[in-house]
Amino acid sequence: MTSHRKDVLMSNEMLGEPDFVSSSAIRKYCENARKLFHPLYHELHVSAEELEIALKYVRSADPKAGGMDSRLRAKLVSRQLKHAASAVEVASKSAVGTYMAFLKHYSPEVTESRKKNSRKKFEFDE
């Protein structure tokens with residue numbers, strides 16, 4: 001099995017099978033994505049801060065710079081993790097936005113479905 005195929009299988013396990021046959025399936029998939037991305041964003045953001053702090057105190061090769069070059073290099077290196085955190089934050093927001101866009105663009109169908117279901121007391125949805 002190729003590594004790409006393993007990655008695809010692994011992502012299906014983390015988010016669930018993309019079985020978009022109902023509004024609750026769309027909601028569940030988007031919630032799973034948000035639940036996956038949210039902690040990853042925090043981990044990357046905190047790690048970027050920790051990396052910058054750790055590298056900031058590495059002794060400079062140029063004593064005339066007074067440590068300013070170490071701070072600058074630390075910022076440049078940690079910026080990459082900060083970009084990764086920002087990208088994951090966008091992915092998390094986009095997952096939520098997907099479900100909100102679904103509700104917006106399919107509101108007549110959703111409203112009609114809710115009217116029909118309001119007569120029922122219990123529904124087996126999953």
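Here the structure is a predicted model, which means the values were calculated and not measured. Hydrogens, waters and symmetry mates are skipped; everything else that's a heavy atom, side chains included, is used.
Between atom CG of residue Leu72 and atom CG of residue Leu55 there is a gap of 12.0 Å, rounded to the nearest 0.5 Å. Considering CG of Leu51 and NZ of Lys82, their distance stands at 9.5 Å, rounded to 0.5 Å. Annotation: the span from Leu40 atom CG to His42 atom NE2 amounts to 10.5 Å, rounded to 0.5 Å. Between the CD1 atom of Ile26 and the CG atom of Asp19 there is a distance of 10.5 Å, given to the nearest 0.5 Å.
Pairing each heavy atom of Tyr99 with each of Ser23, the nearest pair is CE1-O, 3.8 Å. The two residues Ala25 and Val21 have their closest heavy-atom pair at CB-N, 4.2 Å. For the pair Asn32 and Leu15, the tightest heavy-atom approach, listed with the atom from each and the gap, is ND2-O, 3.0 Å. Across all non-hydrogen atoms, the minimal contact from Val88 to Phe37 is CG1-O, 3.3 Å. Nearest heavy atom pair, residue Arg59 against residue Ser70, reads C-OG, 4.1 Å. Across every non-hydrogen atom of Leu44 and Ala85, the tightest pair is CB-CB, 3.7 Å.
The hydrophobic cluster containing Val46 does not contain Val77, counting ILVMFWY residues as joined when their side-chain heavy atoms lie under 4.5 angstrom apart, directly or transitively.
Taking the salt bridge (charged side-chain N to carboxylate O under 4.0 Å, His left out) definition, one finds that Glu89 meets it with Lys93, sequence neighbours left out. By the salt bridge (charged side-chain N to carboxylate O under 4.0 Å, His left out) test, Glu50 pairs with no residue at all, sequence neighbours left out. With sequence neighbours excluded, the residues satisfying side chain to side chain donor-acceptor pair (under 3.5 Å) with Ser78 are Glu52. When the salt bridge (charged side-chain N to carboxylate O under 4.0 Å, His left out) test is applied to Glu43, no partner is found at least two apart in sequence or on another chain.
Residue pairs that meet the salt bridge (charged side-chain N to carboxylate O under 4.0 Å, His left out) test with at least one member in residues 31-42, sequence neighbours left out, are Arg27-Glu31.
Tyr57 belongs to a hydrophobic cluster with Ile53, counting contacts under 4.5 Å between side-chain heavy atoms of Ile, Leu, Val, Met, Phe, Trp and Tyr, direct or through other members.
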Might you work through the side-chain contact (heavy atoms from CB on, under 4.5 Å) test for Ser94 and Val90, ending with a clear yes or no?
CA-CA 6 Å; Ser94 295; Val90 168; 4.0 Å; yes
